[in-house]
Amino acid sequence: MNKLSVNLRVNGRGYDLEVASNKTLLEVLRDQLNLPDTKYGCGTGECGACTVLIDGEVVNSCLTLAAAADGREIRTAVGLEKNGQLHPVQQAFIEETAVQCGYCIPGMVVKSVGLLEKNPDPSEEEIRHWLEGNICRCTGYEKIVDAVKSASKKMASAEVKAVG
Amino acid sequence: MSSRILTDFDLLVPETVPEALEMLNRLQDQVTVVSGGTDVLVAMKFGFDTPYGMSLAKLAGLNYLEFDPQQGLRVGARTTITQLLESPEVKQYYPAIWESAVNFATPQIRNTATLVGNLLRASPAGDGSCAVYALGGKLVFSNEAGEREVDIDDLWVGYATTARNKDELATELRIPIPAANSINAFKRMTRVNEDLAKLNVAVNLTMDGNVCTDARVAMGCVAATPVRLRQTEDLLKGAEINEESLKSLMATVSAEITPIDDQRSTAEYRKQVSGVMVKRAIEQARDRVTA
Ligand SMILES: Cc1cc2nc3c(=O)[nH]c(=O)nc-3n(C[C@H](O)[C@H](O)[C@H](O)COP(=O)(O)OP(=O)(O)OC[C@H]3O[C@@H](n4cnc5c(N)ncnc54)[C@H](O)[C@@H]3O)c2cc1C
Ligand code: FES
Ligand code: FES
(Lines give C-alpha, C1' and ligand atoms only; values in the text may rest on other atoms or scores of the structure.)
(Ligands and ions follow the chains in the order given, each with its own letter.)
Protein backbone atom coordinates (compact mmCIF):
# COMPACT_ATOMS: atom_id res chain seq x y z
CA MET A 1 0.00 0.00 0.00
CA ASN A 2 1.39 3.43 -0.90
CA LYS A 3 1.67 6.53 1.24
CA LEU A 4 0.97 9.99 -0.05
CA SER A 5 2.33 13.36 1.01
CA VAL A 6 -0.42 15.79 1.81
CA ASN A 7 -0.83 19.23 3.22
CA LEU A 8 -3.89 19.60 5.38
CA ARG A 9 -5.00 22.89 6.90
CA VAL A 10 -6.88 22.00 10.04
CA ASN A 11 -8.43 24.66 12.26
CA GLY A 12 -6.16 27.28 10.75
CA ARG A 13 -2.92 25.33 11.15
CA GLY A 14 -0.99 23.68 8.31
CA TYR A 15 0.24 20.09 8.59
CA ASP A 16 2.58 18.33 6.16
CA LEU A 17 1.90 14.64 6.52
CA GLU A 18 2.44 11.25 5.00
CA VAL A 19 -0.85 9.40 4.96
CA ALA A 20 -1.52 5.79 4.03
CA SER A 21 -3.65 5.61 0.91
CA ASN A 22 -6.57 3.86 2.61
CA LYS A 23 -6.83 6.23 5.58
CA THR A 24 -9.96 8.30 5.97
CA LEU A 25 -9.76 11.91 7.01
CA LEU A 26 -11.42 10.90 10.29
CA GLU A 27 -8.63 8.43 11.09
CA VAL A 28 -5.95 10.97 10.25
CA LEU A 29 -7.57 13.68 12.40
CA ARG A 30 -7.94 11.39 15.37
CA ASP A 31 -4.87 9.16 15.18
CA GLN A 32 -2.23 11.23 13.38
CA LEU A 33 -3.15 14.76 14.46
CA ASN A 34 -4.47 13.87 17.92
CA LEU A 35 -7.70 15.74 17.38
CA PRO A 36 -10.21 13.36 18.95
CA ASP A 37 -13.08 15.87 19.00
CA THR A 38 -14.41 14.47 15.71
CA LYS A 39 -16.15 11.19 16.53
CA TYR A 40 -16.55 7.80 14.92
CA GLY A 41 -20.11 6.47 14.99
CA CYS A 42 -20.90 4.24 12.05
CA GLY A 43 -18.15 4.66 9.48
CA THR A 44 -20.70 4.56 6.67
CA GLY A 45 -22.13 8.06 6.35
CA GLU A 46 -25.27 7.53 8.39
CA CYS A 47 -24.75 9.06 11.84
CA GLY A 48 -22.94 12.38 11.30
CA ALA A 49 -20.66 12.03 14.37
CA CYS A 50 -17.66 12.53 12.06
CA THR A 51 -18.94 15.74 10.42
CA VAL A 52 -16.30 18.34 9.56
CA LEU A 53 -16.29 21.43 7.36
CA ILE A 54 -14.14 21.21 4.25
CA ASP A 55 -13.83 24.58 2.53
CA GLY A 56 -17.01 25.58 4.38
CA GLU A 57 -19.08 22.54 3.31
CA VAL A 58 -20.28 19.86 5.74
CA VAL A 59 -18.80 16.45 4.91
CA ASN A 60 -18.59 13.01 6.54
CA SER A 61 -14.90 12.59 7.35
CA CYS A 62 -15.42 8.81 7.63
CA LEU A 63 -16.18 8.72 3.89
CA THR A 64 -13.42 11.11 2.81
CA LEU A 65 -10.02 9.78 1.85
CA ALA A 66 -7.40 11.81 3.70
CA ALA A 67 -5.25 12.00 0.58
CA ALA A 68 -8.18 13.47 -1.34
CA ALA A 69 -8.39 16.32 1.21
CA ASP A 70 -4.87 17.51 0.31
CA GLY A 71 -4.70 21.30 0.18
CA ARG A 72 -8.18 21.82 1.58
CA GLU A 73 -9.27 23.89 4.57
CA ILE A 74 -10.72 21.72 7.31
CA ARG A 75 -12.55 22.87 10.42
CA THR A 76 -13.57 20.67 13.35
CA ALA A 77 -15.45 21.39 16.58
CA VAL A 78 -12.36 22.36 18.63
CA GLY A 79 -11.42 24.92 16.01
CA LEU A 80 -14.65 26.85 16.35
CA GLU A 81 -13.77 28.87 19.42
CA LYS A 82 -11.99 32.16 18.87
CA ASN A 83 -9.68 33.89 21.37
CA GLY A 84 -10.88 31.63 24.16
CA GLN A 85 -14.54 32.41 23.38
CA LEU A 86 -16.86 29.58 22.45
CA HIS A 87 -18.58 29.91 19.10
CA PRO A 88 -22.18 31.19 19.54
CA VAL A 89 -23.44 27.77 18.41
CA GLN A 90 -21.40 26.02 21.11
CA GLN A 91 -22.59 28.55 23.70
CA ALA A 92 -26.21 28.02 22.64
CA PHE A 93 -25.90 24.24 22.96
CA ILE A 94 -24.82 24.76 26.58
CA GLU A 95 -27.47 27.37 27.39
CA GLU A 96 -30.31 25.36 25.87
CA THR A 97 -29.06 22.17 27.61
CA ALA A 98 -28.91 20.48 24.25
CA VAL A 99 -26.21 18.08 25.43
CA GLN A 100 -26.62 14.79 27.25
CA CYS A 101 -23.91 12.16 26.75
CA GLY A 102 -22.22 14.47 24.27
CA TYR A 103 -21.07 11.93 21.71
CA CYS A 104 -23.03 13.38 18.80
CA ILE A 105 -22.39 16.99 19.80
CA PRO A 106 -19.17 17.87 17.93
CA GLY A 107 -20.85 16.67 14.73
CA MET A 108 -24.08 18.50 15.57
CA VAL A 109 -22.25 21.74 16.33
CA VAL A 110 -20.14 21.62 13.18
CA LYS A 111 -23.23 20.76 11.14
CA SER A 112 -25.15 23.70 12.64
CA VAL A 113 -22.29 26.11 11.97
CA GLY A 114 -22.31 24.87 8.36
CA LEU A 115 -25.99 25.83 8.14
CA LEU A 116 -25.77 29.25 9.77
CA GLU A 117 -22.81 30.33 7.67
CA LYS A 118 -24.90 29.79 4.56
CA ASN A 119 -28.34 30.58 5.89
CA PRO A 120 -28.13 32.87 8.96
CA ASP A 121 -31.89 32.88 9.57
CA PRO A 122 -33.24 29.37 8.93
CA SER A 123 -36.83 28.36 9.63
CA GLU A 124 -37.47 25.48 12.02
CA GLU A 125 -38.26 23.29 9.04
CA GLU A 126 -34.97 24.19 7.40
CA ILE A 127 -33.10 23.42 10.62
CA ARG A 128 -34.75 20.02 10.94
CA HIS A 129 -34.15 19.13 7.29
CA TRP A 130 -30.51 20.22 7.62
CA LEU A 131 -29.91 18.19 10.76
CA GLU A 132 -30.94 14.98 8.99
CA GLY A 133 -27.87 12.80 8.84
CA ASN A 134 -26.85 13.59 12.43
CA ILE A 135 -28.19 11.08 14.88
CA CYS A 136 -28.54 11.70 18.60
CA ARG A 137 -29.44 8.80 20.88
CA CYS A 138 -30.10 10.93 23.94
CA THR A 139 -31.77 14.27 23.53
CA GLY A 140 -34.78 13.73 21.29
CA TYR A 141 -33.53 16.63 19.14
CA GLU A 142 -35.91 19.30 20.50
CA LYS A 143 -33.22 21.09 22.50
CA ILE A 144 -30.78 20.82 19.66
CA VAL A 145 -33.22 22.55 17.32
CA ASP A 146 -33.80 25.20 20.03
CA ALA A 147 -30.05 25.73 20.33
CA VAL A 148 -29.66 26.31 16.60
CA LYS A 149 -32.55 28.79 16.64
CA SER A 150 -31.09 30.62 19.60
CA ALA A 151 -27.60 30.72 18.05
CA SER A 152 -29.08 32.13 14.88
CA LYS A 153 -30.74 34.97 16.83
CA LYS A 154 -27.59 35.70 18.84
CA MET A 155 -25.41 35.79 15.77
CA ALA A 156 -27.85 38.18 14.07
CA SER A 157 -27.87 40.60 17.01
CA ALA A 158 -24.06 40.40 17.33
CA GLU A 159 -23.89 41.32 13.66
CA VAL A 160 -26.16 44.33 14.22
CA LYS A 161 -24.00 45.46 17.15
CA ALA A 162 -20.83 45.08 15.12
CA VAL A 163 -22.31 47.13 12.28
CA GLY A 164 -24.08 49.69 14.51
CA MET B 1 -12.43 1.64 15.84
CA SER B 2 -14.76 -0.95 14.42
CA SER B 3 -14.07 -3.39 11.63
CA ARG B 4 -15.38 -0.85 9.16
CA ILE B 5 -11.94 0.04 7.86
CA LEU B 6 -10.98 0.33 4.24
CA THR B 7 -9.30 -2.54 2.45
CA ASP B 8 -5.67 -2.00 1.42
CA PHE B 9 -5.17 -0.36 -1.95
CA ASP B 10 -2.76 1.96 -3.69
CA LEU B 11 -4.35 5.33 -4.28
CA LEU B 12 -3.91 7.22 -7.54
CA VAL B 13 -4.86 10.88 -7.62
CA PRO B 14 -4.81 12.16 -11.22
CA GLU B 15 -5.14 15.89 -11.77
CA THR B 16 -6.13 15.84 -15.42
CA VAL B 17 -8.46 13.70 -17.52
CA PRO B 18 -5.65 12.45 -19.84
CA GLU B 19 -3.69 11.35 -16.76
CA ALA B 20 -6.73 9.48 -15.45
CA LEU B 21 -7.33 7.82 -18.83
CA GLU B 22 -3.71 6.69 -19.04
CA MET B 23 -4.05 5.06 -15.59
CA LEU B 24 -7.30 3.35 -16.56
CA ASN B 25 -5.78 2.11 -19.82
CA ARG B 26 -2.80 0.68 -17.96
CA LEU B 27 -4.63 -0.85 -15.01
CA GLN B 28 -8.11 -1.66 -16.45
CA ASP B 29 -10.25 -3.46 -13.85
CA GLN B 30 -7.42 -3.44 -11.31
CA VAL B 31 -8.55 0.07 -10.43
CA THR B 32 -11.73 1.31 -8.77
CA VAL B 33 -12.82 4.84 -9.58
CA VAL B 34 -13.68 6.83 -6.44
CA SER B 35 -15.66 9.97 -7.20
CA GLY B 36 -17.74 11.22 -4.26
CA GLY B 37 -16.96 7.85 -2.68
CA THR B 38 -20.32 7.66 -0.90
CA ASP B 39 -21.10 4.28 -2.44
CA VAL B 40 -17.74 2.85 -3.26
CA LEU B 41 -15.94 3.64 0.02
CA VAL B 42 -18.79 2.02 1.92
CA ALA B 43 -18.40 -1.05 -0.33
CA MET B 44 -14.64 -1.04 0.34
CA LYS B 45 -15.31 -1.03 4.07
CA PHE B 46 -17.35 -4.18 3.58
CA GLY B 47 -14.58 -5.95 1.70
CA PHE B 48 -14.89 -4.86 -1.92
CA ASP B 49 -11.28 -5.01 -2.99
CA THR B 50 -9.16 -3.95 -5.97
CA PRO B 51 -5.38 -3.30 -5.93
CA TYR B 52 -5.83 0.36 -6.90
CA GLY B 53 -8.23 3.15 -6.12
CA MET B 54 -8.35 6.26 -8.26
CA SER B 55 -9.70 9.36 -6.56
CA LEU B 56 -11.25 11.97 -8.83
CA ALA B 57 -11.08 14.59 -6.03
CA LYS B 58 -8.37 16.62 -7.76
CA LEU B 59 -9.59 16.27 -11.30
CA ALA B 60 -9.99 19.85 -12.41
CA GLY B 61 -12.82 21.16 -14.53
CA LEU B 62 -15.42 18.40 -14.26
CA ASN B 63 -17.76 19.92 -11.67
CA TYR B 64 -19.80 22.06 -14.03
CA LEU B 65 -23.52 22.37 -14.65
CA GLU B 66 -24.33 24.11 -17.91
CA PHE B 67 -27.77 24.84 -19.24
CA ASP B 68 -28.51 25.88 -22.79
CA PRO B 69 -32.13 26.47 -23.91
CA GLN B 70 -31.44 24.66 -27.21
CA GLN B 71 -29.02 21.92 -26.14
CA GLY B 72 -30.27 21.11 -22.67
CA LEU B 73 -28.26 20.33 -19.56
CA ARG B 74 -24.64 19.22 -19.32
CA VAL B 75 -23.65 17.76 -15.97
CA GLY B 76 -19.94 17.19 -15.32
CA ALA B 77 -18.87 13.90 -13.78
CA ARG B 78 -17.84 15.64 -10.55
CA THR B 79 -21.02 17.73 -10.15
CA THR B 80 -22.64 17.07 -6.78
CA ILE B 81 -26.24 16.64 -5.71
CA THR B 82 -25.94 19.97 -3.81
CA GLN B 83 -24.98 21.74 -7.04
CA LEU B 84 -28.14 20.40 -8.71
CA LEU B 85 -30.24 21.67 -5.82
CA GLU B 86 -28.71 25.13 -6.07
CA SER B 87 -29.43 25.48 -9.79
CA PRO B 88 -32.51 27.56 -10.74
CA GLU B 89 -32.48 25.98 -14.24
CA VAL B 90 -32.59 22.47 -12.83
CA LYS B 91 -35.51 23.49 -10.64
CA GLN B 92 -37.37 25.12 -13.52
CA TYR B 93 -36.76 22.75 -16.43
CA TYR B 94 -35.92 19.47 -14.72
CA PRO B 95 -38.03 19.44 -11.54
CA ALA B 96 -37.79 15.63 -11.50
CA ILE B 97 -34.03 15.92 -10.93
CA TRP B 98 -34.46 18.74 -8.45
CA GLU B 99 -37.07 16.77 -6.48
CA SER B 100 -34.78 13.72 -6.47
CA ALA B 101 -32.05 15.91 -4.95
CA VAL B 102 -34.12 17.54 -2.17
CA ASN B 103 -34.43 14.49 0.04
CA PHE B 104 -31.38 12.70 -1.29
CA ALA B 105 -29.48 11.24 1.67
CA THR B 106 -28.16 13.97 4.00
CA PRO B 107 -26.50 17.37 3.52
CA GLN B 108 -23.07 15.78 4.06
CA ILE B 109 -23.67 13.12 1.41
CA ARG B 110 -25.28 15.62 -1.00
CA ASN B 111 -22.13 17.73 -0.77
CA THR B 112 -19.91 14.89 -1.99
CA ALA B 113 -22.14 12.46 -3.93
CA THR B 114 -22.26 13.01 -7.68
CA LEU B 115 -25.16 12.45 -10.06
CA VAL B 116 -22.88 10.57 -12.46
CA GLY B 117 -21.75 8.33 -9.56
CA ASN B 118 -25.40 7.64 -8.83
CA LEU B 119 -25.95 6.45 -12.42
CA LEU B 120 -22.77 4.36 -12.39
CA ARG B 121 -23.54 2.68 -9.09
CA ALA B 122 -26.43 1.19 -11.09
CA SER B 123 -28.47 0.63 -7.97
CA PRO B 124 -32.14 -0.10 -8.55
CA ALA B 125 -32.84 2.41 -5.76
CA GLY B 126 -30.83 5.34 -7.18
CA ASP B 127 -32.93 8.49 -6.95
CA GLY B 128 -30.95 10.51 -9.49
CA SER B 129 -30.92 7.49 -11.79
CA CYS B 130 -34.70 7.24 -11.69
CA ALA B 131 -35.19 10.94 -12.45
CA VAL B 132 -32.69 10.95 -15.33
CA TYR B 133 -34.19 7.76 -16.76
CA ALA B 134 -37.58 9.44 -17.17
CA LEU B 135 -36.03 12.52 -18.77
CA GLY B 136 -33.75 10.59 -21.09
CA GLY B 137 -30.11 11.44 -21.64
CA LYS B 138 -26.70 10.27 -22.65
CA LEU B 139 -23.64 9.50 -20.59
CA VAL B 140 -20.30 10.35 -22.18
CA PHE B 141 -17.49 7.83 -21.64
CA SER B 142 -13.88 8.61 -22.53
CA ASN B 143 -10.86 6.40 -22.97
CA GLU B 144 -7.47 7.06 -24.53
CA ALA B 145 -8.88 6.37 -28.00
CA GLY B 146 -11.68 8.94 -27.78
CA GLU B 147 -15.22 9.23 -26.45
CA ARG B 148 -18.62 7.65 -26.97
CA GLU B 149 -22.14 8.36 -25.80
CA VAL B 150 -24.26 5.73 -24.12
CA ASP B 151 -28.01 6.32 -24.06
CA ILE B 152 -29.46 6.05 -20.57
CA ASP B 153 -31.79 3.36 -21.97
CA ASP B 154 -28.69 1.18 -22.57
CA LEU B 155 -26.65 2.07 -19.49
CA TRP B 156 -27.76 -0.51 -16.92
CA VAL B 157 -27.19 -4.09 -18.00
CA GLY B 158 -27.86 -5.88 -14.70
CA TYR B 159 -27.74 -5.40 -10.95
CA ALA B 160 -24.91 -2.93 -10.20
CA THR B 161 -23.56 -3.44 -13.73
CA THR B 162 -23.26 -0.84 -16.46
CA ALA B 163 -22.17 -0.63 -20.09
CA ARG B 164 -18.93 1.07 -19.00
CA ASN B 165 -15.74 -0.54 -20.34
CA LYS B 166 -12.85 -1.12 -17.94
CA ASP B 167 -10.68 1.61 -19.45
CA GLU B 168 -13.39 4.26 -19.50
CA LEU B 169 -14.02 7.31 -17.39
CA ALA B 170 -17.46 8.88 -17.46
CA THR B 171 -16.95 12.58 -18.08
CA GLU B 172 -20.35 14.13 -18.71
CA LEU B 173 -24.08 13.52 -18.60
CA ARG B 174 -26.18 15.19 -21.30
CA ILE B 175 -29.89 15.64 -20.72
CA PRO B 176 -32.03 17.02 -23.54
CA ILE B 177 -34.19 20.08 -23.15
CA PRO B 178 -37.68 18.91 -22.17
CA ALA B 179 -40.21 19.08 -25.04
CA ALA B 180 -42.44 22.14 -25.15
CA ASN B 181 -45.58 21.55 -23.06
CA SER B 182 -43.98 18.70 -21.19
CA ILE B 183 -44.13 18.16 -17.45
CA ASN B 184 -41.87 16.04 -15.26
CA ALA B 185 -41.77 15.05 -11.61
CA PHE B 186 -40.16 12.64 -9.14
CA LYS B 187 -41.52 11.01 -6.00
CA ARG B 188 -40.12 8.51 -3.58
CA MET B 189 -41.17 6.55 -0.56
CA THR B 190 -38.90 5.95 2.42
CA ARG B 191 -39.16 5.06 6.08
CA VAL B 192 -37.25 8.19 7.08
CA ASN B 193 -35.79 10.80 4.75
CA GLU B 194 -32.18 9.63 5.13
CA ASP B 195 -33.09 6.12 3.97
CA LEU B 196 -32.72 4.76 0.50
CA ALA B 197 -36.06 4.55 -1.27
CA LYS B 198 -38.35 1.57 -0.92
CA LEU B 199 -39.89 2.79 -4.16
CA ASN B 200 -39.21 5.74 -6.40
CA VAL B 201 -40.83 6.96 -9.57
CA ALA B 202 -40.28 9.69 -12.15
CA VAL B 203 -42.58 10.76 -14.98
CA ASN B 204 -42.05 12.92 -18.02
CA LEU B 205 -45.21 13.63 -20.03
CA THR B 206 -45.71 15.74 -23.13
CA MET B 207 -49.17 17.29 -23.02
CA ASP B 208 -51.56 18.74 -25.57
CA GLY B 209 -54.03 20.45 -23.27
CA ASN B 210 -55.18 17.65 -21.03
CA VAL B 211 -54.17 14.90 -23.45
CA CYS B 212 -50.85 13.15 -23.02
CA THR B 213 -49.06 12.72 -26.36
CA ASP B 214 -45.81 11.20 -25.18
CA ALA B 215 -44.65 9.64 -21.90
CA ARG B 216 -41.65 8.19 -20.13
CA VAL B 217 -42.21 6.59 -16.73
CA ALA B 218 -39.29 5.27 -14.69
CA MET B 219 -39.47 3.29 -11.47
CA GLY B 220 -36.86 2.12 -8.99
CA CYS B 221 -36.68 -0.67 -6.38
CA VAL B 222 -38.88 -3.01 -8.39
CA ALA B 223 -36.27 -4.95 -10.44
CA ALA B 224 -32.50 -5.49 -10.61
CA THR B 225 -32.03 -2.09 -12.26
CA PRO B 226 -34.24 0.99 -12.55
CA VAL B 227 -36.92 0.20 -15.15
CA ARG B 228 -39.15 2.00 -17.60
CA LEU B 229 -42.81 1.06 -17.42
CA ARG B 230 -43.45 0.57 -21.13
CA GLN B 231 -47.07 -0.63 -20.87
CA THR B 232 -47.94 2.28 -18.64
CA GLU B 233 -46.26 4.64 -21.08
CA ASP B 234 -48.27 3.15 -23.98
CA LEU B 235 -51.48 3.53 -22.04
CA LEU B 236 -50.68 7.16 -21.27
CA LYS B 237 -49.94 8.10 -24.88
CA GLY B 238 -53.10 9.55 -26.40
CA ALA B 239 -55.01 9.40 -23.13
CA GLU B 240 -56.73 12.28 -21.45
CA ILE B 241 -55.41 12.72 -17.93
CA ASN B 242 -58.34 12.59 -15.53
CA GLU B 243 -59.44 10.73 -12.42
CA GLU B 244 -60.72 7.80 -14.44
CA SER B 245 -57.68 7.30 -16.65
CA LEU B 246 -55.35 7.66 -13.67
CA LYS B 247 -57.32 4.96 -11.90
CA SER B 248 -57.00 2.43 -14.71
CA LEU B 249 -53.34 3.37 -15.00
CA MET B 250 -52.76 2.30 -11.41
CA ALA B 251 -53.73 -1.29 -12.19
CA THR B 252 -51.40 -1.43 -15.19
CA VAL B 253 -48.48 -0.17 -13.14
CA SER B 254 -48.72 -2.82 -10.48
CA ALA B 255 -49.28 -5.58 -13.07
CA GLU B 256 -46.16 -4.48 -14.92
CA ILE B 257 -43.62 -4.73 -12.08
CA THR B 258 -42.01 -7.75 -10.41
CA PRO B 259 -40.51 -6.47 -7.15
CA ILE B 260 -38.91 -8.61 -4.44
CA ASP B 261 -38.91 -8.64 -0.65
CA ASP B 262 -35.84 -6.98 0.87
CA GLN B 263 -34.82 -5.13 4.04
CA ARG B 264 -36.65 -1.96 3.04
CA SER B 265 -40.01 -3.33 1.93
CA THR B 266 -41.95 -6.31 0.62
CA ALA B 267 -42.92 -7.23 -2.92
CA GLU B 268 -46.58 -7.10 -1.97
CA TYR B 269 -46.38 -3.62 -0.51
CA ARG B 270 -44.45 -2.31 -3.49
CA LYS B 271 -47.09 -3.69 -5.85
CA GLN B 272 -49.80 -2.07 -3.74
CA VAL B 273 -48.31 1.40 -3.69
CA SER B 274 -46.65 1.56 -7.13
CA GLY B 275 -49.76 2.70 -8.96
CA VAL B 276 -50.57 5.35 -6.39
CA MET B 277 -47.01 6.66 -6.64
CA VAL B 278 -47.26 7.05 -10.42
CA LYS B 279 -50.62 8.76 -10.06
CA ARG B 280 -49.25 11.16 -7.45
CA ALA B 281 -46.18 11.94 -9.53
CA ILE B 282 -48.40 12.83 -12.51
CA GLU B 283 -50.62 14.97 -10.29
CA GLN B 284 -47.59 16.67 -8.80
CA ALA B 285 -46.28 17.55 -12.28
CA ARG B 286 -49.71 18.77 -13.41
CA ASP B 287 -50.40 20.81 -10.29
CA ARG B 288 -47.02 22.50 -10.56
CA VAL B 289 -47.90 23.71 -14.07
CA THR B 290 -51.33 25.05 -13.11
CA ALA B 291 -49.98 26.67 -9.92
C1 LIG C 1 -25.80 7.49 4.23
C2 LIG C 1 -26.06 7.36 2.75
C3 LIG C 1 -27.29 7.74 2.24
C4 LIG C 1 -27.55 7.62 0.87
N5 LIG C 1 -28.77 8.02 0.42
C6 LIG C 1 -29.04 7.95 -0.91
C7 LIG C 1 -30.30 8.40 -1.40
O8 LIG C 1 -31.15 8.93 -0.66
N9 LIG C 1 -30.56 8.25 -2.73
C10 LIG C 1 -29.64 7.70 -3.57
O11 LIG C 1 -29.92 7.59 -4.76
N12 LIG C 1 -28.43 7.30 -3.13
C13 LIG C 1 -28.11 7.40 -1.83
N14 LIG C 1 -26.89 6.98 -1.37
C15 LIG C 1 -25.93 6.38 -2.30
C16 LIG C 1 -24.88 7.32 -2.91
O17 LIG C 1 -24.72 8.47 -2.11
C18 LIG C 1 -25.24 7.75 -4.33
O19 LIG C 1 -25.40 6.65 -5.16
C20 LIG C 1 -24.23 8.74 -4.94
O21 LIG C 1 -24.86 9.44 -5.99
C22 LIG C 1 -22.98 8.08 -5.50
O23 LIG C 1 -22.12 9.08 -6.04
P24 LIG C 1 -20.58 9.15 -5.66
O25 LIG C 1 -19.99 10.27 -6.45
O26 LIG C 1 -20.38 9.16 -4.21
O27 LIG C 1 -20.11 7.75 -6.28
P28 LIG C 1 -18.90 6.80 -5.87
O29 LIG C 1 -19.21 6.05 -4.65
O30 LIG C 1 -17.62 7.53 -5.95
O31 LIG C 1 -18.97 5.82 -7.14
C32 LIG C 1 -20.10 4.99 -7.42
C33 LIG C 1 -19.75 4.04 -8.57
O34 LIG C 1 -19.58 4.75 -9.79
C35 LIG C 1 -18.24 4.62 -10.29
N36 LIG C 1 -17.89 5.95 -10.80
C37 LIG C 1 -18.21 7.15 -10.23
N38 LIG C 1 -17.84 8.17 -11.02
C39 LIG C 1 -17.27 7.62 -12.11
C40 LIG C 1 -16.71 8.17 -13.31
N41 LIG C 1 -16.68 9.49 -13.51
N42 LIG C 1 -16.24 7.31 -14.25
C43 LIG C 1 -16.29 5.97 -14.05
N44 LIG C 1 -16.81 5.39 -12.95
C45 LIG C 1 -17.30 6.21 -11.99
C46 LIG C 1 -17.41 4.15 -9.12
O47 LIG C 1 -16.31 3.39 -9.54
C48 LIG C 1 -18.42 3.30 -8.36
O49 LIG C 1 -18.55 2.04 -8.95
C50 LIG C 1 -26.57 7.10 0.00
C51 LIG C 1 -25.32 6.73 0.50
C52 LIG C 1 -25.06 6.86 1.87
C53 LIG C 1 -23.71 6.46 2.39
S1 FES D 1 -18.99 7.98 11.48
FE2 FES D 1 -19.18 9.13 9.69
S3 FES D 1 -21.31 9.28 9.45
FE4 FES D 1 -21.13 7.92 11.13
S1 FES E 1 -26.18 13.71 23.40
FE2 FES E 1 -25.86 11.58 23.47
S3 FES E 1 -25.89 11.05 21.38
FE4 FES E 1 -26.53 13.09 21.35
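Residue numbering restarts at 1 for every chain, and letters A, B, ... go by the order of the sequence lines.
The two residues Ser35(B) and Ala77(B) come nearest to each other via the heavy atoms OG-O, 4.0 Å.
Contact of Val40(B) with chain A is not made at all, since no heavy-atom distance falls under 4.5 Å. In this structure, chain A has a heavy atom under 4.5 Å from the side chain of Val13(B), while its backbone stays farther away. Looking at Leu4(A), only its side chain comes within 4.5 Å of chain B, counting heavy atoms on both sides. Proximity to chain A (any heavy atom under 4.5 Å) is shown, for Tyr52(B), by neither the backbone nor the side chain. When heavy atoms are compared at a cutoff of 4.5 Å, Thr7(B) approaches chain A solely by way of its backbone atoms N, CA, C and O.
Within a 6.0 Å sphere centred on NZ of Lys143(A), heavy atoms belonging to other residues, nucleotides or ligands number 12 at most. Within a 6.0 Å radius of CZ in Arg26(B), other residues, nucleotides and ligands contribute more than 12 heavy atoms.
Ring centroid separation for the pair Tyr133(B) and Trp156(B) comes in under the 6.0 Å cut-off.
Glu95(A) and Gln91(A) form a side-chain donor-acceptor contact under 3.5 Å, judged by distance and modelled atom types alone. Ser100(B) and Arg188(B) share no donor-acceptor pair across their side chains, judged by distance under 3.5 Å alone. The closest side-chain donor-acceptor pair between Glu144(B) and Asn25(B) falls under 3.5 angstrom. Of the N and O atoms on the side chains of Asn118(B) and Ser129(B), at least one donor lies less than 3.5 Å from an acceptor on the other residue. Using a 3.5 Å distance cut-off with no hydrogens or angles, the side chains of Thr32(B) and Thr50(B) do pair a donor with an acceptor. At a cut-off of 3.5 Å, with distance as the only test, a side-chain donor of Ser5(A) or Glu18(A) sits close to an acceptor on the other residue.
When the heavy atoms of residues 106-136 of chain A are compared with those of chain B, the residues falling under 4.5 Å are Lys111(A), His129(A), Trp130(A), Glu132(A), Gly133(A), Asn134(A), listed by number. Taking 4.5 Å as the heavy-atom cut-off, the residues of residues 54-61 of chain B that approach chain A are Ser55(B), Ala57(B), Lys58(B), ordered by number.
Using a 30° and 60° split on the angle between ring planes, Phe67(B) and Tyr94(B) fall in the perpendicular class, above 60°.
With respect to the salt-bridge test (charged N to carboxylate O, under 4.0 angstrom), the residues Arg74(B) and Glu66(B) qualify. In summary, Arg288(B) and Glu99(B) engage in a salt bridge, as defined by a charged side-chain N under 4.0 Å from a carboxylate O.
Listed options Thr24(A), Thr64(A), Val59(A) were ranked by heavy-atom pairs under 4.5 angstrom with chain B; first place goes to Val59(A). Of the listed residues Thr82(B), Val102(B), Thr112(B), the one with more heavy-atom pairs under 4.5 angstrom with chain A than any other is Val102(B).
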